[in-house]
Engineer: 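Below is a structure I'd like to ask you about.
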2 protein chains.
Amino acid sequence: MGMLKEDLAELAECGLPAALEAIGERWSFLILRGAFNGLHHFEEFQSTLGIARNILANRLGKLVQHGILARTPLPDDRRKIEYRLTEKGAELLPTMLALRQWGERWETGCISNPVLVDERDSQPIAKIAIHAHDGRELGLHDLRWMHAEDIKEIGTSRLRAVA
Amino acid sequence: MGMLKEDLAELAECGLPAALEAIGERWSFLILRGAFNGLHHFEEFQSTLGIARNILANRLGKLVQHGILARTPLPDDRRKIEYRLTEKGAELLPTMLALRQWGERWETGCISNPVLVDERDSQPIAKIAIHAHDGRELGLHDLRWMHAEDIKEIGTSRLRAVA
DNA sequence: GTTTTAGGTTGCAACTTACTACTTAATTCA
DNA sequence: TGAATTAAGTAGTAAGTTGCAACCTAAAAC
């Protein structure tokens, strides 16, 4: 994969540091995984993850501040607080899956429950991968770094995916 | 997305904690991003990222231990150590991109340099997304968690993607 | 053979995390 | 209604991690 040795300063501005600021602390990612798997309450997170209560309170608070989780007291039992993924939080799913798949492939060596499946046919999802704008899957050698300014728009078959 | 309220114990065994053990510490991810963008030497990482030298040494050491970076003294100047991504490390690229894209979409609000493009047509890659085994893109509502044991193999059109 | 460079290590202060016990408010139970 | 329980969170303190600056070592350059 060709790299640009220049523009290293620009690295500091990319989306990664911002993302890590929001979810890069110890436990944040595991809390999110819990949320994706159906945990919604303080005590559920605490007993499932075994995290210290003050750290959990702190992390939940930060995730809420960042708009990743929504905090709602339930109307029928106002002691109970429900933490639920917002759209912003839910959009971390591809990241989570990619990291989990990597861990399964290179660290644990085995696929673990529960498995995410396509609702239509109950078959496991494909491995998270890099695709061209037209849908072709790209390997590491099909890729290059480029300056945004140098990219020429061409007749885009089905762009819109780039966000 | 349907969740299973059971098997929370199993969460502890999934690939995520293992992955986080390897790259979940502060700075590790940014060091990797540097490696993806062409950094190879201690002083390059240090001056580009502004990380403390002892922390950098510690993190590089852990990444090497985990087989994510390879450490090679250069033959023509044996003071110089080259850190280079292994295959295992390079396979973190989808995770990195997914997280970076999320950060750009939800935190910084803008796309930043350098951009990863398809070498064939120099167009930016598609957004990292979740796909069915047959290649259809899946939204959050097309997904369900399931026990691996309950999944029936069916005539797999082009499986092999599941890892 | 002195100086410079690359890649570290060391010591210490500041910050973060973890463990345990306590608090507060809403709900249930007797 | 009043006592016990539960959900969520706070407080105190010990242990671990991070960050800064100065120092070290071996190879290369002058």
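First the proteins, then the strands, lettered A, B, ... as listed; each starts at 1.
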Engineer: Distance check needed: D/dA8 C1' versus A/Phe45 CZ, whole Å only.
Structural biologist: 13 Å
Engineer: What pairs of nitrogen or oxygen atoms, one from the protein and one from nucleotides 14-17 of chain C, lie under 3.5 Å apart?
Structural biologist:
residue: C/dT17; atom: OP1; partner: A/Arg59; partner atom: NH2; Å: 2.9
residue: C/dT17; atom: OP2; partner: A/Arg59; partner atom: NH2; Å: 2.8

Engineer: May I have the list of side-chain donor-acceptor pairs in residues 51-59 of chain A shorter than 3.5 Å, sequence neighbours left out?
Structural biologist:
residue: A/Arg53; atom: NH1; partner: A/Glu43; partner atom: OE1; Å: 3.4
residue: A/Arg53; atom: NH2; partner: A/Glu43; partner atom: OE2; Å: 2.9
residue: A/Arg59; atom: NE; partner: A/Arg26; partner atom: O; Å: 3.1

Engineer: Looking only at the side chains, is there a donor atom on one of A/Asp134 and B/Gln123 sitting less than 3.5 Å from an acceptor on the other?
Structural biologist: no
Engineer: With a 6.0 Å cut-off (strictly less than), is the heavy-atom count around CZ of B/Arg78, excluding the residue itself, greater than 12?
Structural biologist: no
Engineer: Roughly, in whole Å, what's the span from NE2 in A/His40 to P in D/dA8?
Structural biologist: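 After rounding, the gap between these two atoms is 12 Å.
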Engineer: Rounded to whole Å, please give me the gap between CG in A/Leu63 and P in D/dG9.
Structural biologist: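 A/Leu63 atom CG is separated from D/dG9 atom P by 13 Å.
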Engineer: Roughly how many Å is it from CD in A/Glu44 to P in D/dA7, rounded to a whole number?
Structural biologist: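 Result: 10 Å.
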Engineer: For A/Leu49 and C/dC19, what is the distance between atoms CG and P respectively, to the nearest whole Å?
Structural biologist: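 In whole Å, C/dC19 P lies 13 Å from A/Leu49 CG.
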Engineer: Which heavy atom in B/Arg100 sits nearest to a heavy atom in B/Ser112, and how many Å separate them?
Structural biologist: NH2-O, 2.5 Å
Engineer: Which is more 5' along DNA chain C, the nucleotide nearest B/Leu60 or the one nearest A/Ile51? Just name the residue.
Structural biologist: B/Leu60
Engineer: Would you mind reading off the distance between A/Phe42 atom CZ and D/dG9 atom C1', rounded to a whole angstrom?
Structural biologist: 6 Å
Engineer: When you get a sec, tell me which of D/dG9, C/dC19, C/dG8 is the closest nucleotide to the side chain of A/Ala52?
Structural biologist: C/dC19
Engineer: Find the distance A/Lys80:NZ to D/dT6:C1' and express it as a whole number of Å.
Structural biologist: 9 Å
Engineer: Is the closest basic N to carboxylate O distance between B/Asp142 and B/Arg136 below 4.0 Å?
Structural biologist: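 B/Arg136 and B/Asp142: not salt-bridged.
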Engineer: Report the distance from atom CD1 of A/Ile81 to atom P of D/dT6, rounded to the nearest whole Å.
Structural biologist: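 One finds 18 Å between P of D/dT6 and CD1 of A/Ile81, rounded.
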Engineer: Select from A/Glu82 and B/Gly50 the residue whose nearest nucleotide in DNA chain D is closer to the 5' end of that strand.
Structural biologist: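 It is A/Glu82, whose closest nucleotide lies nearer the 5' terminus.
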Engineer: Between B/His41 and C/dG7, is there a contact of a side-chain N or O with OP1 or OP2 at under 4.0 Å?
Structural biologist: yes
Engineer: Flag yes if A/Ile68 and B/Leu140 sit in one hydrophobic cluster, no otherwise; membership is Ile, Leu, Val, Met, Phe, Trp, Tyr, and two members link when side-chain heavy atoms are under 4.5 Å apart.
Structural biologist: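 Yes; tracing contacts between hydrophobic side chains, which count when under 4.5 Å, links both residues.
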Engineer: Got more than 12 heavy atoms from elsewhere within 6.0 Å of CD, B/Glu82?
Structural biologist: yes
Engineer: Give the intermediate values and the outcome of salt bridge (Lys or Arg N to Asp or Glu O under 4.0 Å) for residues B/Glu21 and B/Lys62.
Structural biologist: CA-CA 10 Å; B/Glu21 165 113 8; B/Lys62 282 190 186 171; over 6 Å; no
Engineer: Over all strands shown, is B/Tyr83 touching base, sugar-phosphate only, or nothing at heavy-atom distances under 4.0 angstrom?
Structural biologist: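 Sugar-phosphate contact only.
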Engineer: Looking only at heavy atoms, which two atoms of A/Arg33 and B/Leu16 are closest? And how far apart?
Structural biologist: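 In this case the closest contact between A/Arg33 and B/Leu16 is CD-CD1, 3.6 Å.
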Engineer: Reading nucleotides 22-30 of chain D from the 5' end, what letters show protein touch, with B for base, S for backbone sugar-phosphate only, - for no heavy atom under 4.0 Å?
Structural biologist: -----BS--
